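Let me begin by presenting the structure, written as structure tokens, before commenting on it.
Here the structure is a predicted model, which means the values were calculated and not measured.
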Amino acid sequence: MALKDDINKKDKIIDKAEKRLLDGIKSSEKAIFNKILGILRKLSQKEGRLQKETINNKFLNSLTKKVLEVIRKSTLQKKIDEFLPNFEKIDKLNSDIYKGITGAEFTKKIRNEIGVYRRITIENIIDNLLGEQALKANYITPIRDILFKGVALKSKVKDIEKELSAFVKGTEKRDGRFLRYVKQIAMDSINQHDGATNDIARDAYQLDGFVYAGSLIETSRGNCEHLTGKTSLFEDLEVKKGTYRVEDIPRIIRRLDKGKNSGWNPATTPETFAQYRGGYSCRHQIIYVPLPKKD
């Protein structure tokens with residue numbers, strides 16, 4: 001199978017995994033919102049406005065417990081369980097890709113190194129998406145703050161309901177907080193794991209070139225446009241369009257945009273270049289290849 005076909009196949013695996021996971025999250029959002037709505041409607045009200053009441057630990061613990069319970073009873077756990085096997089599918093496909101590039105199977109040492117990285121990544125996903133502390137910090141505390149603010153300011157109940165709906169379920173223009181959080185954690189993790197496998201293969205086979213693969217879309221950032229050859233920023237470093245020398249990675253990193261809206265990940269180094277690529281949520285792939293001697 002041609003390299004381009006393998007890359008497209010990998011894209012499809014990741015796209016399908018993302019769709020199934022995020023569809024599951026959307027159904028979870030409705031259950032979470034209904035539970036929070038029930039909490040809101042039990043708060044003291046007068047003439048459509050929330051009334052000040054004692055905000056104590058009992059109320060705080062009740063809110064946290066109820067939201068945690070509804071999250072864990074939702075489809076989230078099942079969807080994450082369905083998502084995780086895709087890491088092994090990516091590893092298998094990368095093994096095929098590098099066998100095609102180098103003519104050699106991944107050695108036991110390479111497979112073990114990739115396996116350790118995969119296990120750590122999966123544990124981090126579970127901790128960040130289902131762990132109580134992570135859920136409190138990234139999801140439950142902001143919900144609590146919206147309710148507390150409404151009580152303190154005697155806000156209209158319908159206004160607080162609208163604010164909670166936008167936070168939990170999102171709007172036409174913006175996904176809900178939980179969906180954005182899951183999307184960033186899960187999809188960055190699977191793409192970074194794919195990149196780590198490529199970085200491991202680069203070192204193991206001493207590959208001296210790389211292809212910046214993938215299509216540009218409407219939301220592609222400037223760094224991805226530069227690296228795919230749409231702009232002339234790296235024209236002097238290209239072996240051919242979208243193909244570069246590994247030895248030039250430090251120079252490439254120095255030139256890339258690290259500004260506020262660039263998506264730049266500060267963890268990017270020459271050693272981790274394939275993991276972080278064009279920045280957070282980047283869907284491009286860096287595939288390492290041997291270059292002809294003339295290059």
Can you name the nearest heavy-atom pair linking [X] to [Y], along with the distance?
X	Y	answer
N198	A274	CB-CB, 4.0 Å
N86	A17	ND2-CB, 3.4 Å
D81	P85	O-CD, 3.1 Å
A267	T272	O-OG1, 3.1 Å
Q45	L40	NE2-O, 3.5 Å
V246	P250	O-CD, 4.1 Å

Does any N or O in the side chain of [X] come within less than 3.5 Å of the main-chain N or O of [Y], such that one atom is a donor and the other an acceptor?
X	Y	result
R221	Y280	yes
S262	G259	yes
R277	C282	yes
D159	S155	no
R255	L233	yes
Y276	G195	no
S28	G24	yes
S95	D91	no

Do [X] and [Y] come within less than 4.5 Å of each other through their side chains, counting heavy atoms only?
X	Y	answer
E18	R283	yes
T243	L291	yes
I114	H193	yes
P290	T102	no
T197	F106	yes
Q192	T121	no
V168	Y139	yes
I110	Y98	no

Separation between [atom1] of [X] and [atom2] of [Y], rounded to the nearest 0.5 Å:
X	Y	atom1	atom2	value
I287	L207	CD1	CG	10.5 Å
D248	R254	CG	CZ	9.5 Å
T107	N112	OG1	CG	8.5 Å
Q275	D194	CD	CG	10.0 Å
D145	F167	CG	CZ	9.0 Å
I14	I90	CD1	CD1	4.0 Å

Any salt bridge between [X] and [Y], counting N to O under 4.0 Å?
X	Y	result
K79	E82	yes
K136	E132	yes
E69	K35	no
D15	K19	no
E163	K149	yes
D199	R202	yes

Hydrophobic clustering (ILVMFWY, side-chain heavy atoms < 4.5 Å, transitive) - are [Y] and [X] grouped together?
X	Y	value
I125	L179	yes
L68	Y181	yes
Y117	I126	no

Report summary line: Quick note, ring-ring contact (aromatic ring centres under 6.0 Å, His included) partners involving residues 16-38, not counting sequence neighbours, are none
Query - Pairs flagged by ring-ring contact (aromatic ring centres under 6.0 Å, His included) wherever residues 203-232 is involved - sequence neighbours left out - result: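 Qualifying pairs, neighbours excluded: F210-Y244, F210-F273, Y212-H284.
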Requested in this report: Tell me, please, which residues at least two apart from K78 pass salt bridge (Lys or Arg N to Asp or Glu O under 4.0 Å).
Outcome: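 For K78 there are no salt bridge (Lys or Arg N to Asp or Glu O under 4.0 Å) partners, ignoring immediate neighbours.
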Report task. Give a yes or no on this: more than 12 heavy atoms of other residues, nucleotides or ligands lie within 6.0 Å of atom CZ of R20. Result ->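 No - once you tally the heavy atoms of other residues, nucleotides and ligands closer than 6.0 Å, there are 12 at most.
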Requested in this report: Can you establish whether the number of heavy atoms outside K258 located under 6.0 Å from its atom NZ is more than 12?
Outcome: yes
Query raised in the report: Tell me the salt bridge (Lys or Arg N to Asp or Glu O under 4.0 Å) pairs involving residues 105-114, sequence neighbours left out?
Result: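 Matches after skipping sequence neighbours: K99-E105.
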Report task. Could you name each residue pair satisfying salt bridge (Lys or Arg N to Asp or Glu O under 4.0 Å) that touches residues 171-185, not counting sequence neighbours? Result ->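 Of all non-adjacent pairs touching residues 171-185, those that pass salt bridge (Lys or Arg N to Asp or Glu O under 4.0 Å) are D175-K183.
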Report task. Please assess K241 against T228 for the test side-chain contact (heavy atoms from CB on, under 4.5 Å), listing each intermediate value before the final yes or no. Result -> CA-CA 7 Å; K241 190 172 182 179; T228 53; over 6 Å; no
Query raised in the report: Taking it one step at a time, do K156 and E161 satisfy salt bridge (charged side-chain N to carboxylate O under 4.0 Å, His left out)?
Result: CA-CA 9 Å; K156 290 181 180 179; E161 183 176 329; over 6 Å; no
Requested in this report: Please list, chain by chain and in numerical order, all residues satisfying side chain to side chain donor-acceptor pair (under 3.5 Å) with K30, sequence neighbours excluded.
Outcome: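 Expected list: none.
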Report task. Kindly determine whether I160 and L43 satisfy side-chain contact (heavy atoms from CB on, under 4.5 Å), including the steps that lead there. Result -> CA-CA 12 Å; I160 298 301; L43 297 178; over 6 Å; no
Query - Chi angles and distances behind the side-chain contact (heavy atoms from CB on, under 4.5 Å) call for Y288, I97 - result: CA-CA 10 Å; Y288 292 102; I97 286 173; over 6 Å; no
Requested in this report: Using only heavy-atom distances, determine whether the side chains of K10 and N94 contain a donor-acceptor pair under 3.5 Å.
Outcome: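 Yes, because at least one side-chain N or O of K10 sits under 3.5 Å from a partner of the opposite role on N94.
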Query - Derivation of the side-chain contact (heavy atoms from CB on, under 4.5 Å) call for I252 and L227 - result: CA-CA 9 Å; I252 290 171; L227 285 164; 3.8 Å; yes
**Report entry** Step-by-step salt bridge (charged side-chain N to carboxylate O under 4.0 Å, His left out) determination, D96 to K9
**Finding:** CA-CA 12 Å; D96 293 341; K9 186 177 180 181; 5.9 Å; no
